[in-house]
Amino acid sequence: MPGTPQEVLKMIQDQNIKIIDLKFIDLPGTWQHCSFYYDQIDESSFVDGVPFDGSSIRGWKAINESDMAMVPDPTTAWIDPFCKEPTLSMICSIKEPRTGEWYSRDPRSIAQKAVEYLAQSGIGDTAYFGPEAEFFVFDDVRFDQTENKGYYYVDSVEGRWNSGKEEEGGNLGYKPGYKQGYFPVPPTDTMQDMRTEMLLTMAECGVPIEKHHHEVATGGQNELGFRFATLIEAADYLMTYKYVIKNVAKKYGRTVTFMPKPLFNDNGSGMHTHQSIWKDGQPLFWGDGYANLSKMALHYIGGILKHAPAILAFSNPSTNSYKRLVPGFEAPVNLAYSQGNRSASVRIPLSGTNPKAKRLEFRCPDATSNPYLAFAAMLCAGIDGIKNEIDPGEPLDVDIYDLSPEELSKIPSTPGSLEQALEALEQDNAFLTEGGVFTEDFINNWIEYKLDNEINPMRLRPHPYEFALYYDV
């Protein structure tokens, strides 16, 4: 993969590439793109950017201040495997073209400021992140919401609910049971070849791949794995991950969702996020404390736990996120840490005696998040914990189901709704604005966007289950 503007331009020339596709992330966390004829991109494009109208991008500029510029990152260049015409793809950050400043509402620029804040703090010079995003693959999805109706319907050949269905050629069974979909072999796992294609295609796009497998839920829950990377790289890889998975699934006549809870009464999809801090090439989270953690690592955990309700406004930013964060489905609802308890929001994975593998895993996030914002918020919370030596308390190594209601009530839990998480963010955001990473304007805009576009619209609409509860009252 190229690493400099000159190498990208040489690649365009050598491979006779005619189309350059520039991608950037909007406020909620979806890729947007615009394709350019190759002669529109030169060395100045990597400094000044390519102009575009930002007024129609969700949560961004007003119509009277709409001029913006996409600045491609040459290290993100890859040939798009889904385009008929050879097309070079690059990920961009956004600049204000009149001032030359990075746009304060651009998520990728905010993430870069978080990395710079870490370096300026003197704590470390590199933050590594490793997200594990789960997803569902369905064969059919339909949904609608009008004044007189509201419904959704999803289906999968693997769905346990289809065990009695008459299927063409006969129903062969092989439907994973509810909560029994972890690691089955074919023919129960019908998605082996498709996941392999997803994984290898990701590698073609520069993502450092590791593995793939079926996940716990029935109905086609899966996960692919890629290696940890620096904060910006990890977020870039995750966006490529989602892009590749959705497009490969479409080739197979299937559809993908990263919704945290598309199915009732089975496991939801999370995005457990591994993280660590290094300095001068050395890991800083290894030590002689609990689970071989350093004091710095424990203080980082303290920051994550203290600010978790506010972090979740970014890491779990959908109303659907909180249908996953409920007890009984391996969901990390307890704001505590542990080396083995998967209901704790922070877990310390096994790393043997290798200091370089020592990390923590924040288990709350899901892939509806904008990864640049979510990772930046986690890093800011961890830095705050280190700077202020926040004590994470005692680890939660007991089986929570053995605890009495009185004991359980003493363990803080995650917010019960997106609205509660936004309220926490409104009250607790100084750790984000410290170092100028997030601006007050950005935080206020985020809260307003979520209220206006997600929470309030949900409030206004009757839920299908309300008819079962109340129609005949």
Side-chain angles (χ1 to χ4, degrees), residues 3-4 23-25 27 29 46-47 49 70-76 90-96 100-131 206-208 226-241 271 273-285 296-297 299-301 303-304 307 310-311 314-315 356 359-362 365 369-387 429-439 442-443 446:
T4 67
K23 298 178 173 70
F24 64 93
I25 196 165
L27 184 75
F46 295 90
V47 178
M70 293 181 272
V71 182
D73 182 341
T75 67
T76 65
M90 286 186 284
I91 302 173
C92 300
S93 297
I94 307 300
K95 264 187 178 179
E96 299 265 17
E101 299 292 326
W102 295 110
Y103 181 41
S104 64
R105 291 187 182 180
D106 170 37
R108 198 169 187 267
S109 298
I110 289 171
Q112 184 58 49
K113 286 192 289 184
V115 174
E116 292 166 359
Y117 174 47
L118 172 66
Q120 291 164 5
S121 72
I123 292 169
D125 53 35
T126 308
Y128 286 113
F129 279 74
V207 179
F226 60 86
R227 289 199 299 275
F228 69 91
T230 61
L231 189 152
I232 301 292
E233 288 175 332
D236 288 345
Y237 291 157
L238 182 65
M239 295 308 297
T240 305
Y241 175 101
M271 187 179 73
T273 304
H274 299 250
Q275 48 207 283
S276 64
I277 292 178
W278 291 46
K279 188 174 185 178
D280 297 329
Q282 297 300 314
L284 302 180
F285 278 9
M296 178 184 288
H299 291 149
Y300 188 103
I301 292 171
I304 292 285
H307 300 298
I311 295 171
F314 293 113
S315 65
K356 294 183 177 180
R359 63 200 186 278
L360 62 92
E361 173 192 27
F362 187 42
S369 62
N370 184 318
Y372 301 97
L373 301 178
F375 298 168
M378 292 177 220
L379 180 58
C380 287
I383 291 172
D384 185 67
I386 294 168
K387 289 174 70 174
N429 57 55
F431 73 99
L432 298 170
T433 57
E434 183 77 19
V437 179
F438 290 76
T439 63
F442 181 89
I443 292 169
W446 178 264

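Numbers here simply count residues along the sequence, with the first being 1.
For the residue pair I311 and F362, the shortest heavy atom distance occurs at CG2-CE2, 4.0 Å. Between Q275 and F285, the shortest heavy-atom distance links the atoms O-CE2, 3.7 Å.
With hydrogens and angles ignored, the 3.5 Å screen pairs a side-chain donor or acceptor of T273 with a backbone N or O of M271. Under a 3.5 Å cut-off, the side chain of D73 and the backbone N or O of T75 do form a donor-acceptor pair. In this structure, the side chain of K279 does not engage the main chain of G124 through any donor-acceptor pair within 3.5 Å. T240 places a side-chain N or O within 3.5 Å of a backbone atom of D236 that can act as its donor or acceptor partner. Judged purely by atom type and a 3.5 angstrom limit, S369 has no side-chain atom pairing as donor or acceptor with the backbone of A374.
N370 is not listed as a side-chain neighbour of F314, based on a closest heavy-atom distance of 4.5 Å or more.
Annotation: the span from I232 atom CD1 to T76 atom OG1 amounts to 11.5 Å, rounded to 0.5 Å. The CZ atom of R227 sits 12.0 Å away from the OH atom of Y128 when rounded to the nearest 0.5 Å. Atom OH in Y372 sits 7.5 Å away from atom OG in S93 (nearest 0.5 Å).
A salt bridge does not link D106 with K95: none of the charged nitrogens is closer than 4.0 Å to a carboxylate oxygen.
Take F24 and apply the ring pair (Phe, Tyr, Trp, His ring centres under 6.0 Å) test, not counting sequence neighbours, and it matches F52, W60. Residues forming a side-chain contact (heavy atoms from CB on, under 4.5 Å) with A234 (at least two apart in sequence, or on another chain): F129, P131, A229, F375.
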